[in-house]
Amino acid sequence: MDEGALIQDALDGDLNAFNTLVLHYQDLAYNIAFRIMGEHAAADDAVQEGFISAYRKLEQYRGGSFKSWLLRIVTNNCYDELRRRQRQPVTPLKPELPGGETLEDPYWIEDKSASPEEQSEQAELQAAIQRCINTLDRKFKIVLVLVDVEGMDYQAAAEVAGMPIGTVKSRLARARERVQDCLQGFWELLPEIFRHRDEETI
Amino acid sequence: MRNERQRRRELEQLSAYLDGELEPTQRQALVARLQVEPDLQAQLEALRTTKQTLAYLPRLRAPHNYTLNPDMVTVRTPKRQPIFTSLRLASVLATVMLAVLFGVEFLFARGPLASPQFAAEPMMEAAMMVDEAEPAPLILWDTGHKGGDGLGYGMGGDTMLMEEPMLVEAMPVEVEVEVAVEAPEVEILTDEEPELMLEVEALPAPEEDLESLAMLRKLEDDMLILGINLEQSGEIISRSADTFIDEIATPAWQMAVRVLQGALGIIALGAGMAWWLLRRVS
């Protein structure tokens with residue numbers, strides 16, 4: 001995929017060229033948005049609005065990593081929504097699991113090879129991790145999701161989050177510490193390999 | 001306080017060490033400490049477990065495609081509607097220019113900036129110019145001989161064409177005054193005045209009637225005579241005369257201004273109406 005050519009075509013009004021970029025990045029954008037927002041509907045809105053904003057603001061793209069530029073728009077949408085919710089708390093209509101996830105969320109059926117019991121355990125663990133992420137302040141959350149969930153390095157995370165690398169480093173450490181404390185409440189849900197290791201260290 | 005700051009600094013170094021983002025010198029120093037400090041080692045392992053646990057989260061796929069379509073982009077964009085804007089702008093501009101033109105015309109044609117040439121009332125001036133330029137009004141009157149009603153013209157043989165009958169009628173009056181002042185003998189002439197008048201009236205010969213008729217027909221052809229105003233001394237009303245008055249009354253620049261005013265008025269009204277209708281429809 002020639003990203004530069006697609007961007008130029010999109011700038012010339014070719015919506016299909018932009019949609020090629022959308023198809024390439026939509027999974028990544030949705031995954032980040034979901035981990036930050038903690039629910040499907042909000043992540044869906046953030047991603048859709050993000051792509052629309054990106055198309056409108058494409059003239060403002062000044063080179064560099066298009067991926068970082070696009071994800072920054074999506075994460076900014078997530079930030080705005082979280083800030084709005086902080087001011088005006090909302091109660092979801094659909095019943096949610098303790099992790100803030102609904103039964104319709106797609107990752108419940110992610111591992112089709114596992115038995116129903118294993119699937120249930122996986123789901124509970126994932127819900128527990130997500131719940132711990134949800135407890136974080138939004139300024140820690142984004143860094144944790146970008147580095148530990150998406151596997152970005154500090155430089156890329158700094159570009160997406162729009163902050164210096166030093167800030168990423170310090171916030172990430174504190175976020176990990178808080179998630180670590182949170183996960184203590186779900187000790188029995190952790191995979192066996194982690195339990196053994198932690199039992200040895202503890 | 002100092003311990004908390006030191007603890008946080010150690011935490012940052014451990015976290016960065018896990019990610020391979022620590023500076024080489026700091027890394028060497030930390031590795032040396034980890035070999036001799038079990039608590040620090042345990043802290044590192046707890047962080048590693050947390051990191052691995054977070055990485056345990058599966059990568060989610062988008063539940064549907066987020067591709068854009070033209071409707072989404074146009075609907076969500078507060079698109080400016082150039083047709084509305086253009087029509088409204090055209091209407092406003094035309095109205096403003098129309099007002100300016102009216103003002104300019106007023107100032108230069110009738111206002112304080114009017115030149116002496118156009119200071120007077122245009123129609124009065126035109127009338128004066130017409131009086132000077134136009135030949136004496138033509139009248140038709142009855143000669144009293146050969147029968148007929150005496151009021152018709154063109155087709156009858158009993159009419160004659162003369163210029164300025166008032167002069168003819170005034171002459172006897174002047175004669176009367178002179179006679180009354182200078183010599184009594186002239187009173188005899190005064191008594192003969194009706195006869196003189198008759199003689200004067202009888203002057204045109206029948207041959208001249210035919211000639212006058214021919215002139216009248218020629219005049220009809222040339223001047224497009226519309227009729228005769230019997231109440232105003234039989235003045236001939238012709239279309240060519242009206243046209244002549246208009247041409248004299250309105251200077252070229254005023255004609256141009258009026259044409260421009262008309263065009264601007266049409267634009268102002270048309271654009272305004274179109275804008276209003278389109279807005280109602282949409």
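So you know, we letter chains A, B, ... as the sequences are listed, proteins then strands, and number each from 1.
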- prompt: Under a 4.5 Å heavy-atom cut-off, does chain B meet the side chain of A/Leu144, its backbone, both or neither?
  reply: side chain
task: Working to the nearest 0.5 Å, report the span between CD of A/Gln180 and CZ of B/Arg48.
output: 12.5 Å
Distance in Å, B/Arg8 CZ paired with A/Glu177 CD, rounded so as to fall on 0.5 Å steps: 8.0 Å
Contact origin within A/Ile133 toward chain B - heavy atom pairs under 4.5 Å: side chain
- line: The reported gap from CG in B/Leu47 to CZ in A/Arg176 (rounded to nearest 0.5 angstrom) is 7.0 Å
Residue part contacting chain B, namely of A/Asp44, when any heavy atom lies under 4.5 Å: both
message: Tell me the closest heavy-atom pair linking B/Leu60 and A/Asn31, and the distance in Å.
response: N-OD1, 2.9 Å
- prompt: Looking at B/Asp19 and A/Val147, what are the two nearest heavy atoms and their distance?
  reply: OD2-CG1, 4.2 Å
Under 3.5 Å donor-acceptor, A/Gln26 side chain and B/Tyr66 backbone: yes
- prompt: For A/Tyr154, does its backbone N or O pair with a side-chain atom of B/Glu21 as donor and acceptor, under 3.5 Å?
  reply: yes
field: Atom pair OG1 (B/Thr53) and CG (A/Leu125), whose distance is rounded to the nearest 0.5 Å
entry: 7.0 Å
query: Does A/Glu150 come within less than 4.0 Å of B/Arg59, counting only side-chain N to carboxylate O?
result: yes
message: Tell me the closest heavy-atom pair linking B/Thr67 and A/Val22, and the distance in Å.
response: N-CG1, 3.8 Å
message: For a 4.5 angstrom cut-off between non-hydrogen side-chain atoms, does A/Gln48 reach B/Leu68?
response: yes
field: Residue selection (most heavy-atom pairs with chain A, distance under 4.5 Å) from B/Leu14, B/Leu11, B/Leu57
entry: B/Leu57
message: Under 4.5 Å from any heavy atom of chain B, what part of A/Arg174 do you find: side chain, backbone, both or neither?
response: both
